[in-house]
Amino acid sequence: MSKSITLLLQGDEAVVEGGMAAGADFFAGYPITPASEIAEGFAEQLPEKGGKFIQMEDEIAGMGCIVGASLAGAKAITATSGPGFSLKQENLGFAIMVEAPCVVVNVQRVGPSTGLPTSPSQGDIMQAKWGTHGDHPIIALSPSSVSETFDLTVTAFNLAEKYRIPVILLLDEIVGHMREKITIPPADELEIVNRKKPKPEDNDNFYPYEETEDLIPPMPDYGTGFKYHSTGLFHDKTGFPRGKTEDARKLMDRLMGKINNNLDDIIHLEEDLNGDEDVVVLAYGSTVRSAISAVNQVREDGVKAGWVKLKTIWPFADDYVRELAEKVDRIIVPELNMGQLIGEVKRVAAGKAEVTGINRYDGTLITPADVVAEIKGAL
Amino acid sequence: MDVNIDKYLRQDKLPHIWCPGCGHGTVLGSFVRAFDQSGLDQDKTVVISGIGCSGRASGYLNFDTLHVTHGRALTFATGVKMANPELNVIVMTGDGDGAAIGGNHLIHSSRRNIDITVVLFNNNIYGMTGGQFSPMTPTGDTATTSPYGNIDQNFDLCELAKSSGATFVGRGASYQPRKMIKLMKEGLLHKGFAFVETLTQCPVNYGKRNKIGGARDMLKWQDENLVPAKKYEKMDPAEREGLISTGILHQVVKEEYTDKYKNVINTVMAGESNE
Amino acid sequence: MSRYEVRLSGAGGQGMILAGIILAESTLDNDELNVVQTQSYGPESRGGASRAEVVFSKEAIDYPKVIQADLLVALTTEALDKYGDDIKKTAVVIADSDYIDLDYNPGDGVEYYSIPIINTAIEEIGLKLTANMVALGAASHFIPDLSEEEILKTIASRVPAGTEEKNKEAFKAGKKLVSEMKS
Amino acid sequence: MARKGKVKIARPDWCKTCGICIEVCPVEVLELGNTRIQIAHLENCIGCENCELSCPDFVLKVVEDNE
């Protein structure tokens, strides 16, 4: 394939196209609205390229299965929505602990519980960060269009492989189900990252969880002779359990460090700022679209407004938002929840800029008019 | 036996943490001897275990090993096997890990007939967490969570695996290591889902609490109550009361899951190229 | 064309979402026209209210949903009742004349077409399931910058094999219903 | 059944004195010491390997007589 193709795709379908383009060769999961189209797409496409699809008995199994596949060398992905995301949390934590690269898609619907299965939400922002127990690093990305869903799926795989970590892709039902035209670039134009692997001759002195300079130890595929151990228990560089405090701290510091030392590479955002803004709308996911529309409208009335789109939700763009808060009077955070990411914005903007939210949690979107009203109300 | 089992054990991780008289070590020893006899490639073998006393087995074994979350070993194993069907995949689990929290995965792995060998350490109790009853604790027995006697029914895991679609089902016991080795070897060489239940004694949290006694008494109990499968089949239901059959209980040939998926890939890819 | 908003509404199973997808997909080769198609439906695949929305624009489409429809198609009383007022002052409303029991008063500037969408599918095409294509044909008459040829091509690729011709016929019949009234 | 040799305490430090080897020995070769198993009557050993196969702690090994 050496030329681009244009298609009309749903966001869910763009996950499949993006995954295939990124080299995904394994999907395991369980059907759930509004994410089932992702499973259906991979079921059809993976075997065409020699990849594997398996529908598991439940969500927990889907998560365990992709971690096993990842350790065996696969580029693995699963997809779910709120109730399933809740079920996956324990094995997600395991993936973080054994540093198994994989991608977990959550097409958010309104919760809690069964909630509103076919309506959009951004209610799992905090769950993406804190859903599994204990402190841990996580990367979560959130696209706002079909085209961006393709791009961020590729990015999700690349970051997962590079940093040996599960990457969460947070769609919402709107992005997951809406159809837009998307131009898929030729395969040779995409940058694809693959995990670092040890060389066979490294076997004698091999420590699977060694504190390498970049804090990311090379990862052998199962069956290549390294015969190493991985466990969800705290462990030392050998991979075997160590309950001692200094070892526990060392492992946590390394797991956090491999992400925190590379924030510039991991945090992706876009902005439309002229530098003289009084008010900035900071948004993510489908809500971005109303933010852009509203900012364009109020600018016509002479309001000094701008917008920022966070594509990386976690780790949070602390430094960027802190600097932004120093420059503007007010930051507006529209969210399809009762106020989740706004807490992060308030934390870093404290004392510098006023931070207000626009919140909907009833399955309907925040409209451009809602955002315009909030911007004008701020003046 | 004349095997050097040392190469299959991580010597520097031994002695193991299991209690004095625990049958898990005997099961582990039987496994490495069976593996040696199977002729399978050590470097192409992955052992996956869950949580509980049995969960520790993987750490003592010199293969690619993975010690996962409670009850989920089969889900990880399914991922490994599907991703690379060339690997031999073995799951070590317990009666709590494999029959309670992981029971659903056992049913569905059996149903798929995926080529994984399961060694289930059945000691009739949650040992590591201090003696709570498991789905394999016999009705009426005492555990820390059934201080007045267990009112739950225990079930027959081999029947469960068989009726769910496992194509190899067998039961061994720590009192009969030779038979257990042979059974495990057959299980390892079986193409398809092989379920091997092993009866293993927990003197600390089960035997003493239920007046069976220590490890030696528990082995005597096995000696008195184990019956070879062939003999068991010929017995009247009344005669079988309280007895447990051992050996290969079920074995059939049926197409294996990753082979079936390979066919899907081949068909799809052939269809693609024809277009 | 700046933003043009279409809402196709009916009951689940009437194929309004497919009609919306076909409208959107027929712009694939038109590089100058952007499109976003969304839908709203209940958890069941039959019955219940169902609507598809398509927004067209030569500029980037930010907000993906209909704010106020330029064009509303309603196949059921419930749909017309629910969305009948949520339209622009100059909107076009197309409603089924036989299956809707509602005293509907569009505003003065609204072009209102009460046409036998479902009965045309039944009587003229002989396939009730093509009512969505009758509706699509009627709707397409009002949407700027769409190519009929592209729509017919998309219909052929999206409907079940063997029903392509019936669906295309239904589309043309729908278009005829409104163009005759208009002229 | 191999009867090529006699039992040896291969890894004395791993013994947890559970006594299972004594239970399965048909000829009373072994005895419990204070901290580990002891070979009391090697002359009785028939090399049946019951103890080796049953020992949960990999302590015992049947080896060639001359080893």
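The shown structure was predicted, so the numbers you read here are calculated from the model rather than taken from an experiment. Residue numbers begin at 1 in each chain, while the letters A, B, ... track the order of the sequences.
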(message) Quick check: closest heavy atoms across D:L53 and B:T26, and the distance to 0.1 Å?
(response) O-CG2, 3.5 Å
(request) For D:P56 and B:C22, work out which heavy atoms get closest and say how close. (result) CB-O, 3.3 Å
(request) Evaluate whether atom CD of D:E28 has more than 12 neighbouring non-hydrogen atoms of other residues, nucleotides or ligands under 6.0 angstrom away. (result) no
(request) Look at B:R33 together with D:E49 and state whether they make a salt bridge at an N to O cut-off of under 4.0 Å. (result) no
(request) Counting only heavy atoms closer than 4.5 Å, note whether B:P20 contacts chain D via side chain, backbone, both or neither. (result) both
(message) Can you tell me how far apart CG (B:D6) and NZ (D:K61) are? Round to the nearest 0.5 Å.
(response) 5.0 Å
(message) Surrounding CD of B:E241 (heavy atoms of other residues, nucleotides or ligands, distance under 6.0 Å), is the total greater than 12?
(response) no
(message) Can you list the residues of residues 9-18 of chain D that sit under 4.5 Å from chain B, counting heavy atoms only?
(response) D:R11, D:W14, D:K16, D:C18
(request) Tell me, please, which residues at least two apart from B:D43 pass salt bridge (charged side-chain N to carboxylate O under 4.0 Å, His left out). (result) A:K227
(message) Between B:L14 and chain D, with a heavy-atom cut-off of 4.5 Å, which part of the residue counts as in contact: side chain, backbone, both or neither?
(response) both
(request) Go through the steps to decide whether B:Q201 and D:I20 satisfy the test side chain to side chain contact (heavy atoms under 4.5 Å, CB included), and finish with yes or no. (result) CA-CA 11 Å; B:Q201 68 280 6; D:I20 285 176; 3.3 Å; yes
(message) Measuring from atom CD1 of B:I5 to atom CZ of D:F58, what distance do you get when rounded to the nearest 0.5 angstrom?
(response) 5.0 Å
